[in-house]
Amino acid sequence: MRLSPNLTLWGRANSANVQKTLWALEELGLPYTHKLVGGSHGGLDEPSYRAMNPNGLVPTLQDGELTVWESHATLRYLAASYGENTLWPVDPRERAMVDQWTDWTATTFQPAWIAVFWLLVRTPPEQRDDKAIAAALAKTVAALRILDANLAERDYVAGDRLSYADIASGVALYRWFTMDIDRPAMPGVENWYRRLQERPAFRKAVMVSYDELVARLAF
Ligand SMILES: N[C@@H](CCC(=O)N[C@@H](CS)C(=O)NCC(=O)O)C(=O)O
C-alpha cells in the first residue's frame, strides 16, 4: 500500500546536494513544500533542525512521519516510493548498475568535482592554490573519462533511461560546463548534458545561478 505523498524538502536551492532531491521531486511530478534553509538562509543550528538532521547539513527530506538525510538516500527513497520502473528499476540487476554509479558518484566523482568547485569558485582569487586546483581537476577529468566511456555505450548512466544515478552524478554538469576551466572534449558526457538540458526538471533544479557562492568560503 502506498501512502499519498506529504513531502517537505529542506535546503537552499544553490546546493548541489539539495538539487539532487529537488530534481527527483520535479522529475517524478510530486507535490512538495520547499523550505529554504542553509547558506545565507541560516537555520541549520536551530534545535528543531538539528533534531531532524544532526549533521546540520542540507538536504533533509520529510514524507509524513519519515525524515531522511543524505542526498543519495533521499533519491533512493523517492525513486523506490514513487518511481517504480521510471527512476527505480525493479529488476535487481538493472538496479545494481544504478547503485554502482550512484555510490561511485558519492565516493569518487563528487569529491573530485566538488574540490574543483571549492578551490576555484568558492575560494577568493587571492587565496587560490593553483597546484591544488590542477590536482583536483586531474582527478575530476579522470572520473569524467570513466563516465564518458560508459556514455559512449548508452544514453543514460545506467542504461537507456534516466535513473537516480543520472541525478546523483548529473548535478555536476551545469557547474562543470560553466566554470572557467579548460575542458577536454568528451562527446559522451557532452551528449548526455545536452539530453539532460531537454528535461524541465533538470533546468529547474540544476541550472541555477551559483553567483552567491563565488569567493565565499563561509558555508
Ligand atoms: N553527504 C551529504 C552532504 C551534505 C552537505 O554537505 N550539504 C552542504 C550543502 S551542498 C551543506 O549543508 N552546507 C551547509 C550550508 O549549506 O549551510 C549529502 O549528500 O546530503
Are any of the side-chain nitrogens in [X] or [Y] under 4.0 Å away from the carboxylate oxygens of its partner?
| X | Y | answer |
| --- | --- | --- |
| Asp160 | Arg154 | no |
| Arg161 | Asp155 | no |
| Arg183 | Asp148 | no |

What pair of heavy atoms forms the shortest contact from [X] to [Y], and how long is it?
| X | Y | answer |
| --- | --- | --- |
| Tyr49 | Pro59 | OH-C, 4.3 Å |
| Pro200 | Glu198 | CD-O, 3.4 Å |
| Ala13 | Gln19 | O-NE2, 3.0 Å |
| Ala201 | Glu26 | CB-CB, 3.6 Å |
| Val98 | Pro89 | CG2-CG, 3.6 Å |

Plane angle bin for Phe202 and Tyr193 - parallel if under 30°, tilted between 30 and 60°, otherwise perpendicular:
perpendicular
Step by step, would you call Leu217 with Gln127 a side chain to side chain contact (heavy atoms under 4.5 Å, CB included)?
CA-CA 11 Å; Leu217 291 165; Gln127 293 176 35; 3.6 Å; yes
Determine whether a donor-acceptor pair (N or O, by modelled atom type, separation under 3.5 Å) exists between the side chain of [X] and the backbone of [Y].
| X | Y | value |
| --- | --- | --- |
| Asn6 | Asp63 | no |
| Thr108 | Thr105 | no |
| Thr67 | Met52 | no |
| Asn53 | Leu57 | yes |

Just how far is it from atom [atom1] of [X] to atom [atom2] of [Y], taken to the nearest 0.5 Å?
| X | Y | atom1 | atom2 | value |
| --- | --- | --- | --- | --- |
| Leu28 | Leu7 | CG | CG | 9.5 Å |
| Ser15 | His41 | OG | NE2 | 10.5 Å |
| Ile133 | Leu137 | CD1 | CG | 7.5 Å |
| Asp166 | Leu87 | CG | CG | 9.0 Å |
| Trp23 | Leu78 | CH2 | CG | 14.0 Å |
| Phe109 | Leu147 | CZ | CG | 5.5 Å |

Counting only heavy atoms not in Glu65 (residues, nucleotides, ligands), do more than 12 fall under 6.0 Å from its CD?
no
Any side-chain donor paired with an acceptor under 3.5 Å for [X] and [Y]?
| X | Y | value |
| --- | --- | --- |
| Asn55 | Glu70 | no |
| Gln110 | Lys20 | yes |
| Glu84 | Trp88 | no |
| Asn191 | Arg195 | no |

After noting the C-alpha distance and the side-chain angles of Val68 and Gln62, does the key distance pass the side chain to side chain contact (heavy atoms under 4.5 Å, CB included) rule?
CA-CA 6 Å; Val68 57; Gln62 292 180 305; over 6 Å; no
For the pair Asn150 and Trp104, evaluate side chain to side chain contact (heavy atoms under 4.5 Å, CB included) and give the outcome as yes or no after the intermediate values.
CA-CA 13 Å; Asn150 177 53; Trp104 173 84; over 6 Å; no
Would you say [Y] ends up clustered with [X] if hydrophobic residues are merged whenever their side chains have heavy atoms under 4.5 Å apart, either directly or through other cluster members?
| X | Y | answer |
| --- | --- | --- |
| Leu22 | Val208 | no |
| Tyr77 | Trp69 | no |
| Val58 | Tyr210 | yes |
| Met97 | Val90 | no |
| Leu36 | Leu9 | no |

Candidate pair Arg12 and Val37, rule side chain to side chain contact (heavy atoms under 4.5 Å, CB included), full reasoning
CA-CA 5 Å; Arg12 58 183 167 88; Val37 291; over 6 Å; no
Taking the side chain as everything from C-beta on, heavy atoms only, tell me whether Leu162 gets closer than 4.5 Å to Glu27.
yes
Thr8 side chain reached by Leu61 side chain, heavy atoms, under 4.5 Å:
no
Hey, do the aromatic rings of Trp192 and Tyr156 have their centres closer than 6.0 Å?
no
Tabulate below the donor-acceptor pairs under 3.5 Å that side-chain atoms of residues 167-176 make, not counting sequence neighbours, or state none.
{"unit_1": "Ser169", "atom_1": "OG", "unit_2": "Ala165", "atom_2": "O", "d": "2.7"}
{"unit_1": "Arg175", "atom_1": "NH2", "unit_2": "Asn14", "atom_2": "O", "d": "2.7"}

Can you give me every donor-acceptor pair (side chain of residues 113-123, partner residue at least two apart or in another chain, under 3.5 Å) with its distance?
{"unit_1": "Arg122", "atom_1": "NE", "unit_2": "Arg216", "atom_2": "O", "d": "2.9"}
{"unit_1": "Arg122", "atom_1": "NH1", "unit_2": "Phe219", "atom_2": "O", "d": "3.1"}
{"unit_1": "Arg122", "atom_1": "NH2", "unit_2": "Arg216", "atom_2": "O", "d": "3.1"}
{"unit_1": "Arg122", "atom_1": "NH2", "unit_2": "Phe219", "atom_2": "O", "d": "2.3"}
{"unit_1": "Thr123", "atom_1": "OG1", "unit_2": "Trp118", "atom_2": "O", "d": "2.6"}

Arg95: partners by side chain to side chain donor-acceptor pair (under 3.5 Å), with sequence neighbours left out
none
